[in-house]
Trainee: 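Input: one structure, supplied below.
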Amino acid sequence: MNKAVDISTKKLISLAPNNWAKWVTGIPDIVTGEILNTEFQWISRQSDVVIQAESPQYGKFLILNELQLRHTSEMPRRMRAYAALAEEKYKLQTYPVLINILKISNSEIPTSFASNFIGLRAIQDYRVINLWEVDVNIAFETPLPSLLPFVPILKGGENESTIREALRMLRADEQLNQLETVLAFFATFVLESTLVQEIMRWDMTVLRESPWYQEILREGQARGEAEGEVRGIISSIETSLEAKFGSDGLELMSQISQISDLGQLKEILRKIVVANTIQELRNVL
């Protein structure tokens, strides 16, 4: 199996930029140009991808894509900031899009930033796409290869046959086969790990190469810098348990929050990725 080399947001979108742009904007005659540099003067984020685009109706403009593993309360302010920075740097109007990957609650996700301070208003609208609400057929019929790794969490994509078809398409294309670990990672959210292992035909420890598994670890480490590494990992464990097992997973937090050994907490986070049931995690604990 090929190891993941470049599974960044930029790589995913560059697989079929025109189809991606049509999907996120709803503009059928849009044509994309180059994928632009998102290193602004003060800040840079790998999850941001700015595409130059053009259509007969709107002329030249930018599409700002922000792909998030999980939605956070900071996103509205972040979307406002990045839209402004992109417009300032490239002197073009911006169409900001936030794509959320995993559902962690039933709370409504905001589609704008708004503030009113001493009578001065700031407003930034942006489009929100939640992958769990996207019909899985879009990935196969458009075609939109950028969505193939996310098939298990798309609407209607949780069954074995659909996941096997997505895997077949990934393996048939040299540009796509490095995305297997992403597909496998999200497949563990909807299928038993033993079945995922059978489908992929490789050891589940390979999932540690998945960029989204690494993203979960990085979240914990980043939180750790501000909160203490132990508390940061515990926070990532809590979010991961809720994303994969819902309220049943959160029942384990009373026990996990008592653990102070960093190595043990990291091992628990790894086990969450491949666990089939809550009972398996209880056995680990």
Side-chain angles (χ1 to χ4, degrees), residues 1-8 11-12 15 67 69-70 101-104 131-217 236-237 239-249 251-252 266-285:
M1 195 204 85
N2 293 332
K3 290 188 176 181
V5 178
D6 178 10
I7 316 180
S8 62
K11 170 66 176 178
L12 288 170
L15 294 172
L67 198 66
L69 187 62
R70 292 177 288 257
I101 298 173
L102 293 177
K103 182 179 181 179
I104 59 172
L131 289 189
W132 59 90
E133 297 172 348
V134 174
D135 191 303
V136 70
N137 292 316
I138 291 176
F140 298 106
E141 295 173 359
T142 302
L144 202 54
S146 308
L147 290 182
L148 287 175
F150 304 107
V151 157
I153 56 172
L154 299 182
K155 186 177 181 180
E158 67 279 0
N159 59 78
E160 179 185 346
S161 61
T162 304
I163 293 172
R164 284 185 182 274
E165 176 60 15
L167 178 63
R168 185 195 65 77
M169 294 178 68
L170 290 178
R171 287 182 171 171
D173 190 316
E174 284 189 9
Q175 280 193 301
L176 303 177
N177 58 25
Q178 61 181 283
L179 302 173
E180 283 185 43
T181 55
V182 184
L183 178 69
F185 175 75
F186 290 117
T188 64
F189 284 69
V190 297
L191 299 178
E192 291 190 358
S193 296
T194 51
L195 179 55
V196 176
Q197 183 172 349
E198 176 190 333
I199 293 171
M200 298 295 165
R201 297 178 184 172
W202 40 253
D203 193 284
M204 293 301 286
T205 56
V206 177
L207 277 181
R208 296 183 186 183
E209 298 173 3
S210 166
W212 306 107
Y213 170 74
Q214 295 298 325
E215 177 68 17
I216 289 175
L217 280 182
S236 284
I237 288 173
T239 307
S240 301
L241 281 172
E242 184 176 16
K244 189 164 186 178
F245 298 110
S247 58
D248 291 340
E251 292 178 1
L252 299 178
K266 287 183 177 180
E267 182 61 24
I268 290 170
L269 186 55
R270 294 187 188 102
K271 294 294 185 184
I272 292 171
V273 173
V274 297
N276 295 321
T277 65
I278 293 295
Q279 188 56 48
E280 289 183 27
L281 294 177
R282 289 196 179 100
N283 293 339
V284 171
L285 295 174

Trainee: Distance from Leu179 atom CG to Leu167 atom CG, nearest 0.5 Å?
Mentor: 11.0 Å
Trainee: Just wondering, do Ile163 and Phe186 contact through their side chains at under 4.5 Å, heavy atoms?
Mentor: no
Trainee: Do you know which two heavy atoms are closest between Val196 and Ala184, and how far apart they sit?
Mentor: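 Shortest heavy-atom separation between Val196 and Ala184 comes out as CG1-O, 4.0 Å.
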Trainee: Side chains of Leu67 and Phe150: closer than 4.5 Å at any heavy-atom pair?
Mentor: yes
Trainee: With sequence neighbours excluded, give me every side-chain hydrogen bond (donor to acceptor under 3.5 Å, both in side chains) pair touching residues 137-149.
Mentor: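 Sorted result for residues 137-149: Asp135-Asn137.
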Trainee: Which of parallel (below 30°), tilted (30 to 60°) and perpendicular (above 60°) describes Phe189 and Phe185?
Mentor: perpendicular
Trainee: Side chains of Val190 and Asn159: closer than 4.5 Å at any heavy-atom pair?
Mentor: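 With C-beta onward as the side chain, the pair stays apart.
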Trainee: Does some side-chain heavy atom of Leu148 sit less than 4.5 Å from a side-chain heavy atom of Val182?
Mentor: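 The answer is no; the side chains never approach within 4.5 Å.
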Trainee: Just how far is it from atom CG of Leu191 to atom CD1 of Ile199, taken to the nearest 0.5 Å?
Mentor: 5.5 Å
Trainee: Can you tell me how far CG of Leu12 sits from CG of Leu147, rounded to the nearest 0.5 angstrom?
Mentor: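 One gets 9.0 Å once the value is rounded to the nearest 0.5 Å.
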Trainee: Which pairs pass salt bridge (charged side-chain N to carboxylate O under 4.0 Å, His left out) with one or both residues in residues 145-165, sequence neighbours excluded?
Mentor: Glu160-Arg164, Arg164-Glu198, Glu165-Arg168
Trainee: Quick one, Ile101 and Arg70 - any side-chain contact, counting heavy atoms below 4.5 Å?
Mentor: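 With C-beta onward as the side chain, the pair stays apart.
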Trainee: Can you find a pair of side-chain heavy atoms, one from Leu154 and one from Ile138, that are under 4.5 Å apart?
Mentor: no
Trainee: Which heavy atom of Leu176 sits nearest to which heavy atom of Pro145, and what is that distance?
Mentor: CD2-CB, 4.0 Å
Trainee: If every non-hydrogen atom of Ala139 is compared with every non-hydrogen atom of Val151, which pair is closest and at what distance?
Mentor: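 Shortest heavy-atom contact: CB-CG2, 4.3 Å.
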Trainee: Kindly give the heavy-atom pair with the smallest separation between Leu183 and Pro152, and that separation in Å.
Mentor: CD1-CD, 3.4 Å
